[in-house]
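For the single chain, residues carry numbers from 1 onward in sequence order. Any value given below was found using the heavy atoms of this structure, including those in side chains, with hydrogens, waters and symmetry copies removed.
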Amino acid sequence: MLGLVLDERYRVLEAIGSGGAGTVYRSEQIRVGREVAVKVLGAFLHGNETAAIRFANETKIVSLLRHPNTVRLLDSGIGPDGRPYLVTDLLKGETLQ
């Protein structure tokens, strides 16, 4: 994924975290030069209909959040390999660990 440009808008710069559903990347919103977080459904879940539905539900839920302690959904889409992604604010700070 590194170096990939999604929908001619987001350049993937580095992996910053991963979990059971996918990987989060520090990315650049090209037109405005803003750093964002891009979460991509894990390659191991590609083609898994249940995982795709859960990812879509997560995207919808994040889009409804309105609180100072949560990220904003900025965009979402489908990558060139058919995996869904969502774009949020990039928060910098300490991990919860």
Side-chain angles (χ1 to χ4, degrees):
M1 294 285 303
L2 301 184
L4 183 69
V5 175
L6 299 168
D7 291 329
E8 300 180 4
R9 295 191 305 260
Y10 307 102
R11 179 175 293 111
V12 178
L13 302 174
E14 72 173 312
I16 57 174
S18 62
T23 302
V24 178
Y25 298 92
R26 182 177 66 86
S27 303
E28 176 191 13
Q29 186 177 9
I30 296 169
R31 288 187 183 171
V32 296
R34 172 174 53 174
E35 285 192 335
V36 295
V38 174
K39 180 177 182 180
V40 181
L41 182 68
F44 58 94
L45 293 172
H46 185 51
N48 180 317
E49 186 175 335
T50 301
I53 290 168
R54 286 182 178 163
F55 197 89
N57 287 338
E58 177 182 353
T59 302
K60 288 177 187 174
I61 290 166
V62 172
S63 77
L64 298 172
L65 296 175
R66 300 285 186 273
H67 190 276
N69 296 333
T70 62
V71 295
R72 293 175 300 151
L73 179 73
L74 302 174
D75 200 0
S76 64
I78 303 294
D81 61 358
R83 291 187 290 155
Y85 68 88
L86 61 89
V87 181
T88 66
D89 299 311
L90 177 64
L91 301 181
K92 296 186 179 184
E94 297 180 35
T95 69
L96 296 176
Q97 294 175 345

Val40 with Val62, same ILVMFWY side-chain cluster at under 4.5 Å:
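Val40 does not cluster with Val62.
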
Does one hydrophobic cluster hold both Ile61 and Ile53, with members joined at side-chain heavy-atom distances below 4.5 Å?
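No, it is not one cluster - the side chains of Ile61 and Ile53 are not joined through contacts under 4.5 Å.
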
For a quick test of reading the model, state the closest non-hydrogen atom pair linking Gly77 to Asp7 and the distance between them.
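Taking Gly77 first and Asp7 second, the nearest heavy atoms are CA-OD2, 4.3 Å.
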
Other cluster members, Val24 - Ile/Leu/Val/Met/Phe/Trp/Tyr, side-chain contacts below 4.5 Å:
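Grouped by the 4.5 Å side-chain rule, Ile16, Leu90 form the rest of the cluster around Val24.
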
Positive for side-chain contact (heavy atoms from CB on, under 4.5 Å) with Tyr25, one of Leu6, Val87, Leu2
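Running side-chain contact (heavy atoms from CB on, under 4.5 Å) over Leu6, Val87, Leu2 with Tyr25 returns exactly one hit, Leu2.
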
I'd like to check [X] versus [Y] (side-chain heavy atoms, cut-off strictly below 4.5 Å). Are they in contact?
| X | Y | value |
| --- | --- | --- |
| Arg11 | Gln29 | no |
| Arg72 | Arg66 | no |
| Asp89 | Val36 | no |

Between atom [atom1] of [X] and atom [atom2] of [Y], what is the distance when rounded to the nearest 0.5 Å?
| X | Y | atom1 | atom2 | result |
| --- | --- | --- | --- | --- |
| Thr88 | Leu73 | OG1 | CG | 7.5 Å |
| Leu45 | Arg83 | CG | CZ | 9.5 Å |
| Leu91 | Thr70 | CG | OG1 | 9.0 Å |
| Ser76 | Glu58 | OG | CD | 11.0 Å |

Begin from the C-alpha positions of Phe55 and Leu86 and carry the test side chain to side chain contact (heavy atoms under 4.5 Å, CB included) through to its verdict.
CA-CA 9 Å; Phe55 197 89; Leu86 61 89; 4.0 Å; yes

For Arg54, does the CZ atom sit with more than 12 other heavy atoms under 6.0 Å from it, leaving out its own atoms?
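No.
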
More than 12 heavy atoms from other groups under 6.0 Å of CD on Glu49:
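Incorrect, the count does not exceed 12.
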
Please step through side chain to side chain contact (heavy atoms under 4.5 Å, CB included) for the pair Ile30 and Arg9, ending with a clear verdict.
CA-CA 5 Å; Ile30 296 169; Arg9 295 191 305 260; 5.9 Å; no

Polar side-chain atom of His46 near backbone of Leu41 as donor-acceptor pair, under 3.5 Å
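No, the answer is negative, given that no donor and acceptor are paired below the 3.5 Å cut-off.
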
Take Glu28 and Arg34 through the test salt bridge (charged side-chain N to carboxylate O under 4.0 Å, His left out) and record every step on the way to the result.
CA-CA 6 Å; Glu28 176 191 13; Arg34 172 174 53 174; over 6 Å; no

Any side-chain donor paired with an acceptor under 3.5 Å for Asp75 and Tyr85?
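Tyr85 and Asp75 do not have a side-chain donor-acceptor pair below 3.5 Å.
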
